[in-house]
Student: 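Quick one: structure below, then a few questions.
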There are 2 protein chains.
Amino acid sequence: MGRVMERNTRQRGAIRRAFQRASRPLSTNEVLDLARGEVTGLGIATVYRNIRTLVDEDWLITVELPGESPRYELQGKGHHHHFHCSRCDRVFDVASCTGNMPEMIPPGFVLDRHLIVLGGLCAECASAT
Amino acid sequence: MGRVMERNTRQRGAIRRAFQRASRPLSTNEVLDLARGEVTGLGIATVYRNIRTLVDEDWLITVELPGESPRYELQGKGHHHHFHCSRCDRVFDVASCTGNMPEMIPPGFVLDRHLIVLGGLCAECASAT
DNA sequence: GTCGTTGCAAAGCGTTTGCAGCCTA
DNA sequence: TAGGCTGCAAACGCTTTGCAACGAC
């Protein structure tokens, strides 16, 4: 019994800070770029391993998007959805939810989750047109 | 100029029929399994190549789901969304749409698409519990 | 000193591509 | 018969894993 102590390495600290500073979900490569600002030579395998660990311990949640590699963001933001910018490829949080999902399902089906992904241009890319 | 004639091979015919008979979006492997019923020895590369061709000529549309490999279905079904069964992994069409997406986006963002994915158990899996 | 963690390189896995032979038109 | 199409195997890109060295506690 008893969980093994988790160690605080420079790498793990840099990865955690990348998420804490970001206001949006990050991809593995975005984390690698951000964390390399602190830890040069940081390996991609270390980023993958730490993200998995942080998801396992519920510090991060996985944000799955259609046709995209997963993003990750801090746990505890409550129910929300996401917006994917087709120009810069970044993902942003969207606060509200339209509700009335249950009306949409066929008879006999049991609904236990729903996901909404919006797409288009983020404010930055839209104004840069 | 002028497009090159497309040939009707046994393989392509079997792949087309798999989609015509299915009432739901199919994955590459589902297509392989179904089409192999007609064409033994059918190669997976042929399935990938034909699906790509059929999407390019708008005979099929791509159904992208978060964290899943893409499914494909016949073009021309109009606006609808999808339900993913977490037990059998099959995907089903869902007819209606809740609307009021535009209200959800942050200021400055330009919305050009939205996607809703419902999840849970399909009628078959739910009744088999 | 222990043993969790890291970087590197190799292994996996699903998808794509090169190629020689096949087969439709 | 031309050239699009197919099956096989190799190549790809992304993610995971094996391993010896490293370093947090």
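In this text the structure is predicted, and so the values were computed from the model without any measurement. Letters A, B, ... mirror the listed sequences (proteins, then strands); counts begin at 1.
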Student: If you look at every strand shown and take non-hydrogen atoms under 4.0 Å, does B/Ser69 touch a base, only sugar-phosphate, or nothing?
Tutor: sugar-phosphate

Student: Just to be sure I understand the rule, does A/Leu42 reach a base, reach only the sugar-phosphate, or reach nothing, if contact means heavy atoms closer than 4.0 Å?
Tutor: sugar-phosphate

Student: Given D/dC5, C/dG18, D/dC19, identify the nucleotide with an atom nearest to the side chain of B/Glu6.
Tutor: D/dC5

Student: May I have the distance from A/Arg49 (atom CZ) to C/dC8 (atom P), rounded to whole angstrom?
Tutor: 11 Å

Student: Does B/Ala45 or B/Asn8 map to a spot on DNA chain C nearer the 5' end, using the closest nucleotide for each?
Tutor: B/Ala45

Student: Using a 4.5 Å cut-off on heavy atoms from C-beta on, say whether the side chain of A/Ser86 contacts that of B/Arg113.
Tutor: yes

Student: I'd like to know if B/Arg12 reaches the base of D/dG4 with its side chain, counting only an N/O donor and acceptor under 3.5 Å.
Tutor: no

Student: Return the 5'-most residue of the pair B/Gln11, B/Arg7 with respect to DNA chain D, ranking by each residue's nearest nucleotide.
Tutor: B/Arg7

Student: Using atom CG of A/Leu32 as one end and atom P of C/dT6 as the other, report the distance to the nearest whole Å.
Tutor: 13 Å

Student: Is any N or O donor-acceptor pair between the side chain of A/Arg36 and the base of C/dG7 shorter than 3.5 Å?
Tutor: no

Student: Once you round to the nearest 0.5 Å, how far does CG of B/Leu34 lie from CG of B/Leu42?
Tutor: 11.0 Å

Student: Answer whether the closest heavy-atom distance between the side chains of A/Trp59 and A/Leu74 falls below 4.5 Å.
Tutor: yes

Student: Take atom CG of A/Asn50 and atom C1' of D/dT17, then tell me their distance rounded to the nearest Å.
Tutor: 15 Å

Student: Starting at CD of A/Glu68 and ending at P of D/dG13, how long is that distance when rounded to a whole Å?
Tutor: 18 Å

Student: Within less than 4.0 Å of OP1 or OP2 of C/dT16, is there a side-chain N or O belonging to B/Arg52?
Tutor: yes

Student: Rounded to the Å, how far apart are B/Arg10 CZ and D/dT6 P?
Tutor: 10 Å

Student: Just how far, in rounded Å, is C1' of C/dG14 from CG of B/Asp89?
Tutor: 15 Å

Student: In Å and rounded to the nearest 0.5 Å, what is the CZ to CD distance from A/Phe19 to A/Glu30?
Tutor: 9.0 Å

Student: Please list, chain by chain and in numerical order, all residues satisfying side chain to side chain donor-acceptor pair (under 3.5 Å) with B/Glu73, sequence neighbours excluded.
Tutor: B/Lys77, B/His80, B/His82

Student: If you assign each of B/Thr9 and A/Ile44 to its closest nucleotide in DNA chain C, which residue comes earlier from the 5' end?
Tutor: A/Ile44

